[in-house]
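Quick caveat: nothing in here was measured; it's all calculated off a predicted structure. Protein chains get the first letters and strands the later ones, always in sequence-line order, with residue 1 at the start of each.
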Amino acid sequence: VNSLILNTTTRLLVALMLVFSVFLLMRGHNEPGGGFVGGLVVAAAFSLYGFAFGVTATRRALRAEPQSLIVAGLLVAVGSGLVPIVFTGAPFLTGLWDDTTIPVIGKLGTPLVFDVGVYLVVTGATLNIIFTLAEKEE
Amino acid sequence: MGLLSAILTGFGAACVAPALCRIRPTGGSRILALLPVALMFYFSGLIDDVAAGGPVHVRYDWIPSLGIHLSLHADALALLFCMLISLIGACVFLYASGYLAGDRDIGRFYFWIMIFMAAMLGVVLSANLITLFVFWELTSISSYMLIGYYHEQASARAAALQALLVTGAGGLALMAGFILLGTAGGSFEIADLLGQGNAIRDHPLYIPILILVLLGAFTKSAQFPFHFWLPNAMAGPAPVSAYLHSATMVKAGIYLMARLAPILGQTAIWEITLTVVGAGTMVWSAILAARQTDMKRVLAYSTITILGALTLLIGAGTALSVKAAVILLLAHSLYKGALFMVAGIVDHETGERDVTRLGGLYRVLPVTACAAAVAAFSNAGMPPMLGFIAKEYFYKAKLDLGDFAVVLTGAALAANVMLVVVALLVGFAPFYGQARETPKPAHEAPWPMLVGPVLLAGLGLLFGTIPTDLDTVLIQPAVRTITGDPSITITLGLWHDLIRNPTAALALSAATIVLGVVVYRSVGRIRTVRLPAAVGLERVYEGAVAGMLAVAQWQTRILQNGYLRSYVLTILTVTIGLVGWRLLGVRIDVPFASLQGVQFYQAAVCVLIAAGALFAVWAPTRLSAIASLGVVGLGMTMVFFLNGAPDLALTQIFVETLTVILFVLAFYRLPQLHVYSSLPVRARDAAVATAAGCMMTSLVLLARHGRFQNPISSYFAEHSYTLARGRNVVNVILVDFRGLDTFGEIIVLSVAALGVLAMIKLRIGQRARRAAAWERQ
């Protein structure tokens, strides 16, 4: 497929969707959203990009191997769980919070970091499957 | 703190070992040998503390609610083992730097052997049964990795697996035994249990405890009929055999029996079991040892002989036999460690370790030959070695046993005669006589490989001849710990016993040596004598492994057959069966009255979903089926929106979108949809699907009633903001209240993604290989 309309709108939409995914991730703790759905939005965005420009270009646009995203996400999640053990001696994955309030995000805390890990894993896992299947097609 | 750091430094050093060995292959490994030396000094420093102010004890809470603590305890018995582990560890680490010089995987070797050392120290220092068990299993695992060091060889892998399965099975029994023991004694702390000895021996669980704990000890210490794994474990490199499979790890079972003797011992069943198993192991393996020709296998079987003797002595439990056990343990660790390293040198330098094809090596390996001779003297129990004193005590202890004295002394004599034969086979035969052609031109080993055997053999000589304070500092306190009797004294004196007190034991010793030489002269005939076959559990082991694999294959063919349709069918049928069975006779009210409030758009969504589902079943093409499933999914999304679950709706939209994309990608190349299934199969599927739908509907209707006593949702709703500072309850549950579940789920997701990758990429690889093979033809 090489459609001018698809290509042009894709460029616009992908950028919007990526911003939207971060928005969903950040507001997740107080409003509908969260890391899981945020990750799915990223995956959807890159699938769209894939339809327009092909898998190879999409892999290049992603700039990281999906497997690396999975690994990074798991590490971030583990790290957010270890923070309370190291700093306060509380059990694994206890939520620690900073009390300053930031617009949209609310308060900063380790659960948010954990959600970032979920976001990365979901993105990586979904794109990994989609890319692998799509490459089989080509 | 000190004890824990001593163990942790081992684990820490293990982690840096591979990097160190990569940077400086020879120098790095020699630096690593300094750690056990340092540990040895540390433990010898503790001896005085223990002698003066009782045991050193540290404890950290681990799972206090279950009585499980990380508690470590250094008393005389533990220190004796710690000294052996660190001393022989130092020799072995240095030795291995020469033995494995130039080996690509030397870093892996040092990693695992240091893990082993730390774990073994943990076993003997643990004061809590559960802690002990954890370290115990860690020694089994490191042993597995070390036996399988030459993992390119199928035989090494098989031997490693066999050792792991046998000791691992024993380990499971041991864990069960420990849990029962903790239940019976009310604590997992060994110190608490020591005071409960009588209560535990009278407890109804005593017999199961004893059986399970002894299973663990017997498998680990290669007692008959579980002995077969040890000779096979010789597939590992010589340093591993010297360290794990003669000097330390196989003595863990002996250690455990000695440690638990005050708690579980002193009953008829304990004494009879240990005596019979120990004596049987001792005699049978002694005969087998003399029949071997491979130096390492000879040594392996004779190690089993000593392990049997130690079991026998601990089982008897008299002061004299415990003394004999401790001295024998010490003497054996020294000389057997040395002999294994000698065997390794011979193998390494000549490329041959069959004693019938070796001879006259003393000309090319003079230092090794000396060390071998001294160690073999100790092995044979010749004066003035520590081994001689050990054997004297062994005989004395046997003669002292009253009713069974004659039988057991006879068994001991037979075993000791064979040990003389072993000493001659390994310590003398390869070095004297006519020189033979060897696969490699032999020359003396480099110094790092000689330090260990010379030092260990020399210590056996030193402790035998010169009166040191070894007896009062190490042996006597250890004997007191095992027997629980603080009045026992012991003096090691070779000439003391030899001259002033000529006893029956001395006469037996003389007879042993004479008989040993006589038997050695006809050792060729012993090798050819036919023994009753199939003694031992090795056949049973092989049968069990083969059977397990067959069952696994069978059930995999049935359950994991690769057809998604049969997986779905199995899952649904089982769920329907279990849930339906539970729902039988439960009254489910359908609230028709509340249906009046249903709005038009709600009904429309429901009709849409049902229509989509039905159309998916009858769809003529794959694409239309996928599209109609998408209708079902989007209908669900609308239900979520209409009922105030925007989170779910949002997620559902994206899941649906991506699912459709995935389906399209996966189905794009598949052939046209055909009806392959017959009518009965379709009828069955329809029935299962309908039943599943009915089940879910009933569950939803039941859940609606709020029959559950305290719905947890209100707790989450109340505490979401106060505890977790989030107003979005769904997300708070995901990342905070149920964070660990989510953590598990993202791991599952990652594994699934990697699985898809592996499955598809590997398929492509296979196809490419097949194509290449086709072209070659």
Side-chain angles (χ1 to χ4, degrees), chain A residues 21 24 27-44 47-48 50-51 66-67 69-71 73-74 77-78 80-81 91-95 97 99 106-107 109-115 117-118 120-122 124-137, chain B residues 641 644-669 720-721 723-761 763-764:
Chain A
S21 78
L24 281 177
R27 78 203 281 260
H29 217 59
N30 290 316
E31 308 290 335
F36 190 84
V37 67
L40 289 179
V41 172
V42 179
S47 317
L48 181 62
F51 283 123
Q67 291 100 299
L69 290 183
I70 298 179
V71 173
L74 287 178
V78 172
S80 79
F92 186 62
L93 282 176
T94 308
W97 292 93
D99 276 330
K107 287 170 178 155
T110 53
L112 186 66
V113 180
F114 181 77
D115 223 9
V118 174
L120 290 173
V121 171
V122 171
T126 320
L127 283 180
N128 192 8
I129 297 173
I130 290 177
F131 285 172
T132 320
L133 286 173
E135 269 163 351
K136 204 185 159 197
E137 297 308 311
Chain B
F641 264 126
D647 260 299
L648 289 178
L650 198 59
T651 312
Q652 183 78 22
I653 286 185
F654 283 101
V655 168
E656 281 308 323
T657 314
L658 289 168
T659 314
V660 170
I661 293 176
L662 283 176
F663 270 136
V664 170
L665 286 175
F667 288 170
Y668 183 67
R669 286 266 179 99
S720 168
Y721 196 71
L723 286 181
R725 325 222 179 157
R727 281 189 301 273
N728 177 358
V729 184
V730 176
N731 201 56
V732 167
I733 292 174
L734 282 177
V735 299
D736 201 323
F737 289 143
R738 290 277 181 268
L740 198 60
D741 290 355
T742 309
F743 185 58
E745 279 154 21
I746 58 175
I747 291 175
V748 170
L749 188 63
S750 315
V751 173
L754 294 180
V756 169
L757 180 73
M759 204 163 67
I760 289 172
K761 288 276 148 106
R763 282 276 165 77
I764 293 169

Ranked by heavy-atom pairs below 4.5 Å to chain A, first place among B:Ala649, B:Ala752, B:Gly739 goes to B:Gly739

Among B:Ile653, B:Leu658, B:Val756, B:Thr657, the residue with the most heavy-atom pairs under 4.5 Å to chain A is B:Leu658

Correct closest heavy-atom pair for A:Ser21 and A:Val42 would be OG-CG2, 3.3 Å

Between A:Gly33 and B:Asp647 the two heavy atoms that sit nearest each other are N-OD1, 3.0 Å

Turns out that what part of A:Val71 lies under 4.5 Å from chain B's heavy atoms comes down to neither

Side-chain touch A:Phe51/B:Ile661, heavy atoms, less than 4.5 angstrom:
yes

*asked:* Below 30° counts as parallel, above 60° as perpendicular, anything between as tilted: where do the rings of B:Phe743 and A:Phe114 land?
replied: tilted

Ranking B:Leu650, B:Leu648, B:Leu754, B:Ile747 by heavy-atom pairs under 4.5 Å to chain A gives rank one to B:Leu650

In terms of heavy-atom pairs under 4.5 Å with chain B, the winner among A:Thr126, A:Ile70, A:Ile130 is A:Ile130

Exercise. Considering only heavy atoms from C-beta outward, does the side chain of A:Asp115 approach that of A:Val118 to under 4.5 Å?
Worked result: yes

Answer key: most heavy-atom pairs under 4.5 Å with chain B among A:Val78, A:Val122, A:Leu74 is A:Leu74

Quick check on B:Phe641: does its CZ atom have over 12 non-hydrogen neighbours (other residues, nucleotides or ligands) under 6.0 Å away?
yes

So, the part of A:Gln67 with a heavy atom under 4.5 Å from chain B: the answer is side chain

So, the part of A:Thr110 with a heavy atom under 4.5 Å from chain B: the answer is neither

Value for CD1 (B:Ile746) from CG (B:Leu749), rounded to nearest 0.5 Å, stands at 8.5 Å

When the 4.5 angstrom heavy-atom criterion is applied to A:Leu127 and chain B, the contacting part is neither

